[in-house]
Amino acid sequence: MTENLPPCPECSSAYTYEMGALLICPECGHEWTPASAEPAGDTGDKVIRDSVGNVLADGDSVTVIKSLKVKGSPTGIKAGTKVRNIRLVDGVDGHDIDCKIDGFGSMQLKSSVVKKS
């Protein structure tokens with residue numbers, strides 16, 4: 001094997017192999033095209049967009065677009081609630097916005113349920 005294949009973008013395994021037009025990682029099972037691995041690997045910054053496609057940044061204000069249930073709260077967060085001064089984080093289960101909401105305190109939201117104000 002004289003080819004130098006790139007490591008897996010998911011688990012960084014060096015044991016990738018080529019099958020047709022795809023590269024495959026035997027350790028995690030991730031499949032990708034060689035062209036798609038390069039842009040994702042060169043920068044550590046991830047662009048986070050709201051529900052309509054606007055790019056979000058730290059300090060932005062957003063509006064919640066659908067009612068959300070909150071564990072331990074009888075009312076939840078209503079659609080139209082404004083949230084100011086958000087922080088973008090690499091959270092759990094797609095929760096990529098860290099914020100404080102009046103009446104609820106500090107919590108994390110998914111960018112798919114907010115719209116930039």
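Taking all atoms of both residues into account, the shortest heavy-atom contact from Ile24 to Trp32 is C-CZ3, 4.2 Å. Residues Glu18 and Leu5 come closest through the heavy atom pair N-CD1, 4.0 Å. Scanning all heavy atoms of the two residues, the minimum distance from Cys25 to Cys28 falls at SG-N, 3.5 Å. What you find for Ile101 and Met107 is that their closest heavy atoms are CD1-SD, 3.6 Å.
For the atom pair OG (Ser67) and CD1 (Ile77), the distance works out to 9.5 Å, reported to the nearest 0.5 Å. In this structure, Leu68 CG and Thr75 OG1 are separated by 11.5 Å, a value rounded to the nearest 0.5 Å. In this structure, the separation between CD on Glu27 and OG1 on Thr16 is 10.0 Å, given to the nearest 0.5 Å.
With sequence neighbours left out, the ring pair (Phe, Tyr, Trp, His ring centres under 6.0 Å) criterion links His95 to no other residue. Partners of Val55 under the side-chain contact (heavy atoms from CB on, under 4.5 Å) rule, at least two apart in sequence or in another chain, are Val47, Arg49.
Between Lys82 and Ser117 the shortest side-chain heavy-atom distance falls below 4.5 Å. Residues Tyr15 and Cys8 fail the side-chain proximity criterion, which asks for heavy atoms closer than 4.5 Å. Between Val62 and Asp50 there is no side-chain heavy-atom pair separated by less than 4.5 Å. Put simply, the side chain of Thr63 does not reach to within 4.5 Å of the side chain of Thr81, judged on heavy atoms. In this structure, His30 and Pro9 have side chains that are in contact, with non-hydrogen atoms separated by less than 4.5 Å. No side-chain heavy atom of Val83 sits under 4.5 Å from any side-chain heavy atom of Val114.
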Step by step, work out the side-chain contact (heavy atoms from CB on, under 4.5 Å) result for Asp60 and Asn54. CA-CA 11 Å; Asp60 282 346; Asn54 297 323; over 6 Å; no
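Within the structure, side chain to side chain donor-acceptor pair (under 3.5 Å) contacts touching residues 99-112 (residues at least two apart or in different chains) are Asp96-Ser111.
Linking Ile, Leu, Val, Met, Phe, Trp and Tyr residues whenever their side-chain heavy atoms come within less than 4.5 Å leaves Ile86 and Ile65 in two separate clusters.
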